[in-house]
Visitor: 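First the structure, which I've put down as structure tokens, then a few questions once you've had a look.
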Amino acid sequence: MKDLIAAIQSDALARIVAATDERTLEEARVAILGKKGSLTTAAAGMKDVPKEDKAEVGQLLNSARQEITAALDARKTALQDAADQAALAGIDPTLPARFLQPGALHPLTMIRDEAILILRRMGFSLAEGPEIEDEFHCFDALNTPADHPARNEKDTFYFDSGKLLRTHTSSVQIRTMEQSTPPVRIIAPGSAYRRDEIDATHLSVFNQLEGLYVGTDVSLPDLKGTLEHFFRELFGSGTAVRFRPHFFPFTEPSFEIDVKLEIKGQAPRWIEVAGCGMVDPAVFAAVNRSRKDNAYDPDLVTGFAFGMGLDRLAMIRWGIRDIRLLIENDARFLKQFA
Ligand code: PHE
């Protein structure tokens, strides 16, 4: 029995050392320590060992098992190390790490969020409306007659259903007033669509931010003060802002707003950034007809509205000369904002 154990032990150790991968090592373990393994089988012979030898043989069996188990563990670790080494052989860990580009907000997102923040501080809350709009909300209710050029099929994207891609966010003015009674003080950022030739200052999809304030005592000075404050918050307290008389069917009087752009080394320029005006009573009348009440009684309420081009604001803020840069997703351009 003692000889048998010694033989099994030396045979087992040789087999373990000879194992060249984890699979053959596992086979060796099963052949020695498994249910039908050589050492397990030998241990079953304990019952035939004479009583006086049992202690000694038992000890031999135990130490053989311990030694074999230790050898299996050691071999397993060695084989795993070797496998790791082989896997790393093609890699040079001294090379500099690959640089991951940090993500960043798009300039349009940044300027929109900033604009929203400033207007929210002044008490405006967010509203929205659909981009696929009907003619009533986009034109009729905004006092824009059927023969107005903005409604021309050459200038606007129409669907077969008669709906259209909204040409401005002013439709949200109507939708808001249909749903709530005065006072209302809302802003609505969103896309607008026009059949414009695409060039350095025009896209067929662009971004506007609409504003509407209706109450019992809203006046032209409120409009002027609100928007001057807005542009100075956005572009700095020294920013020159100018209101030019203009025409919009849905406001009277109406203005376009220019901001003076001063870039070092360039002659200063006035850039048009928004349209605005006092809500035309005809708009209130259309809203009342749609609501079937007189909540916006033109004799009792007044209001101002404005719509600005967010793309233009971004161009002014960062001195961007070509609006197309805002949609091209050129990483060389966008990186500057990261
Ligand atoms: N909707 C007008 C435009 O797109 C801008 C505007 C909005 C003008 C609100 C007056 C009042 O040009």
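What you are looking at is a predicted structure, and each value in this text was computed from that prediction instead of being measured. Whatever order the structure lists ligands and atoms in, that order sets their numbers, starting from 1.
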Visitor: Please could you name the atoms of ligand 1 that E210 approaches to less than 4.0 Å, counting only its heavy atoms?
Guide: 7 (C), 9 (C)
Visitor: Applying ring pair (Phe, Tyr, Trp, His ring centres under 6.0 Å), run through H168 and F248 and close with a yes or a no.
Guide: CA-CA 12 Å; H168 52 187; F248 295 106; 8.8 Å; no
Visitor: For atom 3 (C) of ligand 1, which candidate among M308, M278, R194, E256 provides the closest heavy atom?
Guide: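 Of the listed residues, R194 has the closest heavy atom.
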Visitor: For the 3.5 Å polar cut-off, considering only N or O atoms, please tell me whether T167 and ligand 1 meet it.
Guide: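 The answer is no, given that T167 and ligand 1 share no N or O pair closer than 3.5 Å.
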Visitor: Of the listed options (C138, G307, S170), which comes nearest to atom 1 (N) of ligand 1 when hydrogens are ignored and any heavy atom counts?
Guide: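 That would be S170.
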Visitor: Looking at every non-hydrogen atom in both residues, tell me the closest pair between M308 and L119 and how far apart they are.
Guide: CE-CD1, 4.3 Å
Visitor: Answer whether the closest heavy-atom distance between the side chains of R75 and R15 falls below 4.5 Å.
Guide: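 No, every pair of side-chain atoms sits at 4.5 Å or beyond.
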Visitor: Based purely on interatomic distance, does Q208 place a nitrogen or oxygen under 3.5 Å from a nitrogen or oxygen of ligand 1?
Guide: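 Looking only at distances, the answer is yes, because the N/O contact criterion of under 3.5 Å is met.
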Visitor: For R185 and M122, indicate whether the former's side chain and the latter's backbone hold a donor-acceptor pair under 3.5 Å.
Guide: yes
Visitor: Take atom CD of Q59 as the centre, draw a 6.0 Å sphere, and report whether it contains more than 12 heavy atoms from other residues, nucleotides or ligands.
Guide: no
Visitor: For Q173, take its heavy atoms, then give the atoms of ligand 1 lying under 4.0 Å from any of them.
Guide: 9 (C)
Visitor: With a cut-off of 4.0 Å, which atoms of ligand 1 are near a heavy atom of A305?
Guide: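 Counting from 1, the qualifying ligand atoms are 9 (C), 11 (C).
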Visitor: Can you sort out which atoms of ligand 1 are near C276, meaning under 4.0 Å from one of its heavy atoms?
Guide: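 Here the atoms of ligand 1 in question are 8 (C), 10 (C), 11 (C).
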Visitor: In terms of relative ring orientation, are F306 and F124 parallel, tilted or perpendicular, with 30° and 60° separating the classes?
Guide: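 Aromatic pair F306/F124 classed perpendicular.
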Visitor: Would you kindly specify which portion of F250 sits under 4.0 Å from ligand 1, judged on non-hydrogen atoms: side chain, backbone, both or neither?
Guide: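 Side chain only; the backbone of F250 stays clear of ligand 1.
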Visitor: Would you indicate whether E114, at its atom CD, is surrounded by more than 12 heavy atoms from other residues, nucleotides or ligands within a distance under 6.0 Å?
Guide: yes
